[in-house]
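Okay, structure first, notes after.
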Amino acid sequence: MLITVSKSVGEGFSSLQAALDSIPQEYKEAVTVRIKPGIYEEKVTVKQGTPPVLLLGEDTNSTIITWSDNAHTLGPDGEPLGTFKSGTLNVFAEHFTAENLTIRNASGPGTGQAVAAFIDAGHAVFRRVRLLGDQDTLYTGQGKQYYNECYIEGDVDYIFGAATALFERCRLHNKRSRGYITAASTPEGAPFGYVFLDCEITSGEGVSEVYLGRPWRPYAHVAFIRTVMDSSIIGEGWHNWGQPDREETSRYEEYGSSGPGANPEARAAWSRQLIPQEAAQYRVLSVLDGWHPEGY
């Protein structure tokens, strides 16, 4: 099934949500939603039970989904939405793919938690997608997730959650000093949390003292493998979130970091520098437990 969303009259649905809602509940085959260039100002939910769906944009500069809820925004019941309901894109389907588009939370800096994408899918793939926001930009709720050649920006805990997520050749952009890139809540016993392969960390002018991560939950796992890090990364690298006991249970790892922010000698003593044999285990099939995103 192919569905078109366009800003031009007569070229399909004008709303992405309306297009998704048009998919019959009993339909089980893959669906491609082609999103033509434009700025789509709407909050979008891919509901549980939706068949495998691909949101296919033209490119990241011309195809933009944007909304501006934050944790303090009042919902229909008059109560604040909270972090978990602030997302611009919210995905609860079992299989989901997005390519060639931008997903933005435009709430702005200093407005609190404001999620651009909340991904609570079984298997999710993002290719050439920009995720724009400030605090809590990407919420990886659960499941297996793969991000390839994506751009993700933010200032505080801007990649956070419990999912096993692999980021390959992605760019992470720090917007504020003394921030944190990751806040993993990896479940106890999960072999992998966040794995960054051949990624790059950049920052805005004058940004400094940014941490690679802090543990949202005790068993947080994050590994940066062959990552180019700019000077915004603080020497210590990792923060215990004011809870020293989490130093015993969190797994924070690096291998082959380069650039001005790579400083293995200064890293927190409770983090690890992997040896080559260990780093070799960080492959797509291993991290994603036999699932390969190719073809999704």
Side-chain angles (χ1 to χ4, degrees), residues 15-17 19-21 33 35 40-50 52-55 57 64-77 79-99 101-108 111-127 129-147 150-167 170 172 180-187 190 193-194 213 216-217 220 293 296:
S15 158
L16 176 54
Q17 188 64 61
L20 291 166
D21 290 344
V33 180
I35 309 171
Y40 297 85
E41 296 188 49
E42 56 181 314
K43 191 179 180 85
V44 176
T45 298
V46 183
K47 300 171 185 174
Q48 192 172 16
T50 301
V53 63
L54 164 63
L55 301 187
I64 300 169
I65 304 166
T66 183
W67 199 247
S68 56
D69 281 346
N70 61 59
H72 309 293
T73 301
L74 298 183
D77 59 359
E79 296 296 321
L81 289 175
T83 303
F84 308 137
K85 293 183 179 180
S86 68
T88 297
L89 173 68
N90 305 274
V91 178
F92 304 105
E94 180 62 24
H95 297 285
F96 174 81
T97 304
E99 296 183 0
L101 51 82
T102 288
I103 303 160
R104 177 175 66 194
N105 189 309
S107 181
T111 57
Q113 299 93 333
V115 174
F118 174 20
I119 310 303
D120 210 41
H123 299 83
V125 176
F126 287 76
R127 296 188 181 93
V129 172
R130 288 195 306 167
L131 296 164
L132 309 184
D134 292 282
Q135 183 172 352
D136 292 5
T137 305
L138 171 60
Y139 179 21
T140 65
Q142 65 175 350
K144 303 289 191 297
Q145 302 179 14
Y146 175 75
Y147 299 80
C150 292
Y151 170 93
I152 308 167
E153 69 172 27
D155 54 22
V156 176
D157 304 336
Y158 64 88
I159 303 173
F160 73 109
T164 293
L166 190 148
F167 302 82
C170 293
L172 316 177
Y180 306 85
I181 297 175
T182 67
S185 57
T186 314
Y194 293 155
W216 184 20
R217 296 289 183 266
Y296 273 77

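Below, all heavy atoms of this structure are taken into account, side chains as well, without hydrogens, waters or symmetry copies. All residue numbers in this chain count up from 1 along the given sequence.
Screening Thr186, Thr164, Thr182, Thr140 for a side chain to side chain donor-acceptor pair (under 3.5 Å) with Tyr194, the sole residue that qualifies is Thr140.
Listed by chain and number, the residues in a salt bridge (Lys or Arg N to Asp or Glu O under 4.0 Å) with Lys144 amount to none (sequence neighbours excluded). Take Tyr146 and apply the ring pair (Phe, Tyr, Trp, His ring centres under 6.0 Å) test, not counting sequence neighbours, and it matches no residue. Under the rule for a ring pair (Phe, Tyr, Trp, His ring centres under 6.0 Å), Tyr40 has no partner lying at least two apart in sequence or in another chain. Partners of Pro80 according to the side-chain contact (heavy atoms from CB on, under 4.5 Å) rule, which considers only residues two or more places apart in sequence or in another chain, are Leu74. With sequence neighbours excluded, the residues forming a side chain to side chain donor-acceptor pair (under 3.5 Å) with Asp69 are Lys43, Trp67, listed by chain and number. Scanning for salt bridge (Lys or Arg N to Asp or Glu O under 4.0 Å) contacts around Asp157 gives Arg214, with sequence neighbours left out. The side chain to side chain donor-acceptor pair (under 3.5 Å) test applied to Thr66 returns Arg104, not counting sequence neighbours. Residues forming a side-chain contact (heavy atoms from CB on, under 4.5 Å) with Ala220 (at least two apart in sequence, or on another chain): Ala184, Pro215, Ser250, Tyr252. Remark: Asp120 engages no residue in a salt bridge (Lys or Arg N to Asp or Glu O under 4.0 Å) (not counting sequence neighbours). Partners of Gln17 under the side-chain contact (heavy atoms from CB on, under 4.5 Å) rule, at least two apart in sequence or in another chain, are Ser15, Leu20, Asp21, Glu42, Val44, Thr45. With sequence neighbours excluded, the residues forming a side-chain contact (heavy atoms from CB on, under 4.5 Å) with Ala114 are Asn70, Asn105, Ser107, listed by chain and number.
Nearest heavy-atom pair, Pro187 versus Ala162, reported as atom, atom and distance to 0.1 Å: CD-O, 3.4 Å.
Residues in residues 130-143 take part in these salt bridge (Lys or Arg N to Asp or Glu O under 4.0 Å) pairs, two or more places apart or across chains: Asp134-Lys175.
Taken to the nearest 0.5 Å, the CZ atom of Phe160 stands 8.0 Å off from the CD atom of Gln113.
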